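First up is the structure itself, then whatever we jot down about it.
Along the sequence shown, the residues carry numbers beginning at 1. All values reported here derive from a predicted model rather than from experimental measurement.
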Amino acid sequence: MPTNVFEPAALEPGTLRVTPLGGLGEVGRNMTVFEFDGKLLVVDCGVLFPEEHQPGVDLILPDFEPLKGRLDDIVGVVLTHGHEDHIGAVPYLLKLKSDIPLLGSGLTLALVEAKLKEHRLKPYTLTVAEGQREQVGPFELEFVAVNHSIPDALAVAIRTPAGLVLATGDFKMDQLPLDGRITDLRAFSRLGEEGVDLFLVDSTNADVPGFTPLERSIGPVLDQVIAKAPRRVIVASFSSHVHRVQQVLDAAHAHGRRLAFLGRSMVRNMTIAEELGYLNVPSGVLIDYKKAKDLPDDRIVYMSTGSQGEPMAVLSRMANLDHAIEPGPGDTVILASSLIPGNENAVYRVIDGLTKLGANVVHKGNAKVHVSGHAAAGELLYCYNILRPRNVLPVHGEYRHLIANAKLAQDTGIAPDRTIIAENGTVVDLKGGVARVAGQLDLGFVYVDGSTVGEITDADLKDRRILGEEGFISVIVVVDAATGRVISGPEIHARGFAEDDSVFESVKPKIAAALAEAAQSGVRDTHALSQVVRRTIGRWVNQSLRRRPMIVPLVIEA
């Protein structure tokens, strides 16, 4: 939570207000709101995936609170590309107001529409392409091709009377991309000549020196691994990484193997990519997963989700022998993705589990089976020198990434007071070529747990962690309503303790004595008596067993 919360002043005429609601200080939940002349433009609306200290949480959304009273002012949502951390929260925003227009490229909107269909939402969409200009409310938008680890990614230039803003979305500068679609540096240069007043730039790899390796360098490595694999091959990747799937398809085809998709999102996304012509499937290569079992082991490749160690994803279930496909000796598992910060332990647990089963696990740490989709420091320096922006707002990254990105901007001559290190909810106003911090909103995490959205709190997660780590004790006591004397109990039951319930025999007299003392002092309120029970057993458990379990006392009057 921000520590320096202060409300921004009313927006002055002719000023553009920029407020990131997610994606700063984290890798995910990317969402930024632009305000001009009483109208709002949203760029991206993504989710963050939970970490181990958030048990039971499915997704984490940006905090929509600043938008809830102003839904009618939103003129559109621009989606830069189709990854979950940029489109995953769209259904939850449209549940607040279903007719907010969505703008994006063909593949991006197709992926979003499939997702919205599952939520029974039919959106208003406008398909855009690089080079296209659209007037949306007071915002004139120009779309620029950028290269990323998914096809059809776009940067967006936003023109208002307050100035020109360029938001990159996620991008890199692969000069030999698989689809031949490079980041349009000519357009960047033209925008630089016009004068970029504020540059919102992807920071994810800002602390990585040099240049991101070429995507096509992965193909030969995957080909070699699949060629040598003696039995089944299982490749795990993000379910929207079309380029990686293409490389695996080509390698499977080259070595006489069939390929089966595993995981609902993988099947859905690749069906869309093939229908729209972004995925070229060689004839006779795809096979239904159910029929793949009949093939010889050295004739099949499975393409699955779960490369981030997600507990319910296909690969994790395989590692736990909780899936129809049980990896074993001679099988090859390829993790063709990078590690999202915070997921390392979960991923290595899956790697260990698969290795223990006898599989040969090939991952980024021991083979070149993945390259990042984000610009490294060398590429970012090029961008700063081409654009020469007046102000820079690093976005999309953890705090160290934002700082590294700001340092790169300063190395190219941008003044430190023109590089803004912001956090979620930082309000930045742009006017007359100057960007300044105008406020700091108090934003939180919005947790999705099953069908509930925003009802789970940090206190609930703390309770879940205590239950998972320290166990649970219930204490039931019946007291006389008139005297407060214990009639029955205390009855103590524990869960998550190595010891059986007999260990609590010695504390029962202490609880009875504490209740008797409270009764003598005139305490009759069952809630107050419950707190006496909680304190007494809590102190005893802490001293005797060195534990801090969740304690649920129930005092009943009779």
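- Side-chain contact between V90 and L116 is present, with at least one heavy-atom pair separated by less than 4.5 Å.
- Using modelled atom types, no side-chain atom of Q440 and backbone atom of E423 make a donor-acceptor pair closer than 3.5 Å.
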- Task: Show your reasoning for whether salt bridge (Lys or Arg N to Asp or Glu O under 4.0 Å) applies to K122 and E113.
- Result: CA-CA 7 Å; K122 187 155 177 50; E113 284 167 353; over 6 Å; no
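- Between R268 and E118 there is a salt bridge, since at least one side-chain N of the basic residue sits less than 4.0 Å from a carboxylate O of the acidic one.
- The closest side-chain heavy-atom distance from T332 to I334 is below 4.5 Å.
- Counting all heavy atoms, side chain and backbone alike, G23 lies closest to N30 at CA-OD1, 3.4 Å.
- Cation-pi geometry between K293 and Y289 is satisfied (NZ or CZ under 6.0 Å from the ring centre, within 45° of the ring normal).
- Without hydrogens or angle criteria, D429 side chain to R436 main chain gives no donor-acceptor distance under 3.5 Å.
- Between Y348 and H363, the angle of the ring planes goes over 60°, which puts this pair in the perpendicular group of the 30/60° scheme.
- Remark: side-chain polar atoms of T15 are not paired, donor with acceptor, to backbone N or O of L11 under 3.5 angstrom.
- Using a 3.5 Å distance cut-off with no hydrogens or angles, the side chains of N205 and S372 do pair a donor with an acceptor.
- Counting only heavy atoms from C-beta outward, the side chains of H401 and N405 never approach each other to under 4.5 Å.
- H83 and H241 share no donor-acceptor pair across their side chains, judged by distance under 3.5 Å alone.
- The distance from atom CG of L79 to atom CG of L111, rounded to the nearest 0.5 Å, is 10.5 Å.
- L48 CG to L61 CG: the interatomic distance, rounded to the nearest 0.5 Å, is 9.5 Å.
- Looking at H86, H396, R29, H81 one by one, the single match for side-chain hydrogen bond (donor to acceptor under 3.5 Å, both in side chains) with D44 turns out to be H86.
- Using a distance-only test at 3.5 Å, with no hydrogens or angles considered, no donor-acceptor pair links the side chain of H119 to the main chain of L121.
- A side-chain donor-acceptor contact under 3.5 Å links T168 to the backbone of D202.
- Minimum heavy-atom separation, G28 to D85: CA-CB, 3.7 Å.
- For the atom pair CG (L93) and CG (L67), the distance works out to 6.5 Å, reported to the nearest 0.5 Å.
- Listed for the D170 side chain is no donor-acceptor partner under 3.5 Å among the backbone atoms of S149.
- Under the 4.5 Å side-chain criterion, counting only non-hydrogen atoms from C-beta, V428 is not in contact with P20.
- Side chain of D288 to backbone of K290: a donor-acceptor contact under 3.5 angstrom is found.
- Using a 4.5 Å heavy-atom threshold, the side chains of F34 and V43 count as touching.
- Taking CZ of F64 as the start and CE of M31 as the end, the distance is 5.0 Å to the nearest 0.5 Å.
- Summarising the geometry of L441 relative to P8, their closest heavy-atom pair is CD2-CD, 3.9 Å, with the distance given to 0.1 Å.
- Side-chain N/O atoms of N269 and S240 include no donor and acceptor closer than 3.5 Å.
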- Message: Apply side chain to side chain contact (heavy atoms under 4.5 Å, CB included) to residues V333 and L315 and explain how you reach the verdict.
- Response: CA-CA 9 Å; V333 180; L315 202 63; 3.9 Å; yes
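- Looking at every heavy atom in both residues, I74 comes nearest to I100 through CG2-CG2, 3.7 Å.
- Between the side chain of T271 and the backbone N or O of V267 there is at least one donor-acceptor pair closer than 3.5 Å.
- Salt bridge D72/R70: absent, no basic N to carboxylate O contact under 4.0 Å.
- Closest of all the heavy-atom pairs between G263 and T305 is CA-OG1, 4.4 Å.
- The distance from the CD atom of E35 to the CG atom of L40 is 5.0 Å, given to the nearest 0.5 Å.
- At least one donor-acceptor pair closer than 3.5 Å links the side chain of H148 to the backbone N or O of G373.
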- Query: Taking it one step at a time, do V233 and V235 satisfy side chain to side chain contact (heavy atoms under 4.5 Å, CB included)?
  - Reply: CA-CA 6 Å; V233 177; V235 185; 3.9 Å; yes
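- Within the 4.5 Å cutoff, no side-chain heavy atoms of V475 are placed close to those of E491.
- The shortest side-chain heavy-atom distance between T19 and T426 does not fall under the 4.5 Å cut-off.
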- Message: side chain to side chain contact (heavy atoms under 4.5 Å, CB included) for T108 and I87? Distances and angles first, verdict last.
- Response: CA-CA 8 Å; T108 304; I87 67 168; 4.3 Å; yes
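- Counting heavy atoms from C-beta outward, L94 and P123 have side chains that approach closer than 4.5 Å.
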- Query: After noting the C-alpha distance and the side-chain angles of L357 and L321, does the key distance pass the side chain to side chain contact (heavy atoms under 4.5 Å, CB included) rule?
  - Reply: CA-CA 9 Å; L357 293 171; L321 296 179; 3.9 Å; yes
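- R244 contributes no side-chain N or O that, together with a main-chain N or O of S237, makes up a donor-acceptor pair within less than 3.5 Å.
- Of the candidates L103, D99, L102, D99 is the only one forming a side-chain contact (heavy atoms from CB on, under 4.5 Å) with Y124.
- In this structure, CE on M303 lies 4.5 Å from CE on M266, to the nearest 0.5 angstrom.
- The two residues V350 and S316 make their nearest non-hydrogen contact at CG2-OG, 3.5 Å.
- Applying the side-chain contact (heavy atoms from CB on, under 4.5 Å) test between P394 and each of I420, L24, L402, L408 identifies L402 as the sole match.
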